[in-house]
Amino acid sequence: MRSSPAGRLIKSLFGLTLLIGAMTTSACVATAEEPLSLVVMDPLAAPLSCPCVEGYAQRQYEKFAAALAEKLGREVTVTFAESLEKALQQPGCSRIDIVVGKDSVVRADAIKKKLSLTPIAQLTGKDGKTTQTGLIVVPSGDPAQNAGDLAGYRVIFGSPVCEEKFAAARNLMSEAGVDVPGVEESETSEACSD
């Protein structure tokens, strides 16, 4: 990737996927004269970030949109939203051309909204990897040292739409021999800061 402003931004985004999309339920297709619609679902985008990351990774997608617009010779609008549905409810967002967000969340949302998305890039961290390491958190001083030690513990999983916070954790515990509740019975929390 060339070291343009957009290229540097893409290289700095960790654990996200850039997808190009088109609504399959609509015959509306953007023409070259219409603005390109960029939907940002990145939880570390400045307008979407959680108070738990204050002062950290306040990503400014307006700069990415400006670099993209300059490169394409076409206006790019940016819509920040926690879901594709919420994006489409905002003024000025009647179509989604590009989505940046957590892969599992964007894919789950796309299925709900019957949107056809094609991955075009896996964004990397400073280490060049596209993967993240998850954590199981227990109180300091707790005797649990690994997933197998969690038998009988109350476990709060992340959102079911976040594969890395729900399915991966459940699989890890099952593989360690811990009985996990059914999907519907699992206790969950939407935010890491809860």
Side-chain angles (χ1 to χ4, degrees), residues 1-51 53-126 128-132 158-165 190-191:
M1 182 171 286
R2 294 181 356 195
S3 68
S4 67
R8 283 194 300 277
L9 177 63
I10 288 173
K11 287 181 182 177
S12 73
L13 299 176
F14 185 62
L16 301 176
T17 298
L18 180 65
L19 299 112
I20 190 161
M23 295 181 71
T24 57
T25 57
S26 170
C28 179
V29 177
T31 65
E33 296 81 38
E34 292 180 280
L36 197 64
S37 174
L38 169 65
V39 172
V40 177
M41 294 172 55
D42 177 2
L44 295 181
L48 299 176
S49 64
C50 168
V53 295
E54 187 175 344
Y56 170 76
Q58 304 292 299
R59 297 178 179 143
Q60 298 175 357
Y61 283 91
E62 297 86 355
K63 292 179 181 180
F64 174 64
L68 192 58
E70 183 179 329
K71 183 74 172 169
L72 297 175
R74 178 177 176 184
E75 183 184 351
V76 177
T77 61
V78 183
T79 304
F80 295 94
E82 294 171 352
S83 70
L84 298 174
E85 182 173 347
K86 288 180 181 178
L88 289 167
Q89 291 172 357
Q90 292 189 32
C93 185
S94 60
R95 182 187 76 257
I96 298 171
D97 297 312
I98 300 174
V99 182
V100 179
K102 288 173 121 182
D103 187 72
S104 59
V105 175
V106 173
R107 287 177 190 271
D109 256 17
I111 290 168
K112 279 187 214 170
K113 291 299 295 173
K114 297 182 178 163
L115 297 177
S116 175
L117 299 176
T118 302
I120 60 172
Q122 194 94 71
L123 308 176
T124 65
K126 292 179 182 179
K129 296 179 181 178
T130 60
T131 57
Q132 292 181 322
S159 171
V161 299
C162 296
E163 185 177 327
E164 68 281 4
K165 293 181 179 182
E190 291 296 316

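A quick note: this is a predicted structure, and the numbers were derived from the prediction, not measured.
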Check: residues 76-93 side-chain donor-acceptor pairs under 3.5 Å, at least two apart:
unit_1, atom_1, unit_2, atom_2, d
T77, OG1, L36, O, 3.4
S83, OG, K86, N, 3.0
Q90, NE2, F80, O, 2.8

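Taking all atoms of both residues into account, the shortest heavy-atom contact from P35 to D97 is O-OD2, 4.1 Å. Of all the heavy atoms in S37 and R95, the pair that sits closest is OG-O, 2.6 Å.
Interatomic distance, CD1 of I98 versus CG of L117, reported as 11.5 Å (0.5 Å rounding). Here S159 contributes atom OG and K102 contributes atom NZ; the two are 8.5 Å apart, rounded to the nearest 0.5 Å.
You'll find the side chain of F64 reaches within 4.5 Å of the side chain of L38, heavy atoms only. For the pair M41/D109, a side-chain contact is recorded, criterion being any heavy-atom separation below 4.5 Å from C-beta on. Side-chain contact between K165 and S104 is absent, with no heavy atoms from C-beta onward closer than 4.5 Å.
We find that D103 and R107 are joined by a salt bridge, their nearest charged nitrogen and carboxylate oxygen being less than 4.0 Å apart.
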